[in-house]
2 protein chains.
Amino acid sequence: MPRDADRAPTEADYLAAYDAEAFERPSVAVDVALISASEGALRVLLVERSEHPQRGRWALPGGFVAPNESLDEAAERVLAVKARLTGVFLEQLYTFGDPTRDPRTRVISVAYYALVDAATWDRAARDTEKLRVARLVVPWEGETGGPVEARDPDDRPLALAFDHEQILGMAVRRLRGKLDYAPIGFQLLPPQFTLRRLQDVHETILGRPLNKDSFRRRMLASGNLEATGEREECVGHRPAERYRIARRSAV
Amino acid sequence: MPRDADRAPTEADYLAAYDAEAFERPSVAVDVALISASEGALRVLLVERSEHPQRGRWALPGGFVAPNESLDEAAERVLAVKARLTGVFLEQLYTFGDPTRDPRTRVISVAYYALVDAATWDRAARDTEKLRVARLVVPWEGETGGPVEARDPDDRPLALAFDHEQILGMAVRRLRGKLDYAPIGFQLLPPQFTLRRLQDVHETILGRPLNKDSFRRRMLASGNLEATGEREECVGHRPAERYRIARRSAV
DNA sequence: ATACATATATGTTACTTGCATCTAAGGAGT
DNA sequence: ACTCCTTAGATGCAAGTAACATATATGTAT
């Protein structure tokens, strides 16, 4: 694992490591994967790079961290500026700091992922210039961290800039891992939703079908759901009850 | 959630956010929580700060990220320089970037956690000057992210520097969360260990007793363990079989 | 040799999960 | 109005997994 394992660290290393001023400071950016689920696939908002470097490639919306804002605030700002979204589920994912990940200069990127329902996502994608829809093609064996492909609405593969494919792969894995024990599926749905829609979301994220009954039982037993008493309308069959996130649910 | 939710972002914000050169760049550091488990408690290595700021307080060993090293490499270097350890389990935890977390200047800290067996940890704590043992007192309800207390060998509470208490809290939560589905318990044990020792480790991390039989079954069924054929010696009772991490185990 | 302490095996019960079946409730076509 | 179709939602059962209790094995200490 450690590359320097053989070389015994010297006192000079120690000093060098601690003298912050001696180092050229890196830029720190946040990149946000705005994710939604619709029509059986995960979708993520990408922006086409019009400038060097990686011109023409697709990138996650991002921005440099301003001196007086926290990382969370920077991610919120990026989301507000680029996708006109505020108040959505937003969580830190991982920090990518390979020295060569940006050819210009050292840029350390703190990656975030945000979850919104499909309608919000569509609105964000429509309203915003320079942003384009991308569908994430998540490989079956993606559980293990295989590469995640992004495709445009015409199903053509998109070349992602920097290490953003890696970021998306980690976002998908994080979603899959948290789905079982954290109430995040709701975040991809509007405030009220039927159990079927929730199951669709879970199946999309996991990439495999789930048993309807045990899914229902598990969700209702979790205590995170609350029946609204309202029902779907004009659906051509028995209307399903609508649920919402229970107030006591730990988000 | 978003603090700037009310203020509509302007084009100036957008440009400002993207013009990296206009920003004073932050320092980026790594802080490493070197964790082990012994005598029923988690232990972490801390260094007493002899300089301003936070002089006299206890901090996680850390260092600034050098221009040509990745974040992982920086964490490995910190571990090698400060604890004389290489080749141990090391994983990124979270990145802390509150603008005021360091009173000197903006320092963004990428926190890591490392896991070693008790003997290695003791050796690291003994060999290294300026490093002191600390016992983590993990509250019962720590699952929810309650504060984590650190105490010295005489059980006196230690005042931690910066936001390092928060980092430790997140490390404990991460350990607890991963314990069920990732083979990390082994990392706190020597290469060979009995099932009882492994259970001790799990109970220490989770802070609650586990059922012996189902723990055995679960561990053996996971396929991550491999019997060595060797047994404990001079233990005053029936010696337990020793196990090791199975070769096919995904670490 | 015997007592003792712990490891390991066996068995019993409660709970969870997957699968199958059945009924409920709407719309659409006749 | 009636029947058909589709999906919602409830119920029952079998298989698998969990905790818990008990019994047996196997070493050291006396």
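Predicted model, so just to flag it, every value in this text is computed and none were measured. Within every chain, numbering begins at 1; the chains are lettered A, B, ... in the order of the sequence lines, protein sequences first and strands thereafter.
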## Note on the structure
Among D/dC20, D/dG9, C/dT8, the one nearest any side-chain atom of B/Asn211 is D/dC20
### Query
Where is the tightest heavy-atom contact between A/Asn224 and A/Pro183, given as atom of each residue plus distance?
ND2-CB, 3.8 Å
### Task
Just say parallel, tilted or perpendicular for the rings of A/Phe193 and A/Phe186, cut-offs at 30° and 60°.
parallel
### Message
Test of understanding: with ring-ring contact (aromatic ring centres under 6.0 Å, His included), list the residues that count as partners of B/Tyr94, not counting sequence neighbours.
### Response
B/Phe96
### Query
Under 3.5 Å, side chain of A/Gln92 to main-chain N/O of A/Ala111, donor-acceptor pair present?
no
### Message
When you compare the side chain of A/Trp121 with that of A/Leu34, does any pair of heavy atoms fall below 4.5 Å?
### Response
yes
#### Entry: Pairs meeting criterion salt bridge (charged side-chain N to carboxylate O under 4.0 Å, His left out) with involvement of residues 191-201 of chain B, two or more places apart
B/Arg196-B/Asp200, B/Arg196-B/Glu203, B/Arg197-B/Asp200
Between N or O atoms, less than 3.5 Å apart, protein on one side and nucleotides 12-17 of chain D on the other: list the pairs.
none

#### Entry: Consecutive Watson-Crick or G-U pairs in runs of at least 3, all under 3.5 Å, in which DNA chain D is involved
C:1-30 with D:1-30
### Task
Check side chain to side chain contact (heavy atoms under 4.5 Å, CB included) between B/Arg174 and all other residues, then give those that pass, not counting sequence neighbours.
B/Glu91, B/Leu93, B/Tyr113, B/Lys178
### Task
Report the distance from atom CG of B/Asp163 to atom OG of B/Ser109, rounding to the nearest 0.5 Å.
6.5 Å
### Message
Each nucleotide in nucleotides 25-30 of chain C should get exactly one letter: B, S or -. Can you fill that in based on protein heavy atoms under 4.0 Å?
### Response
BBS---
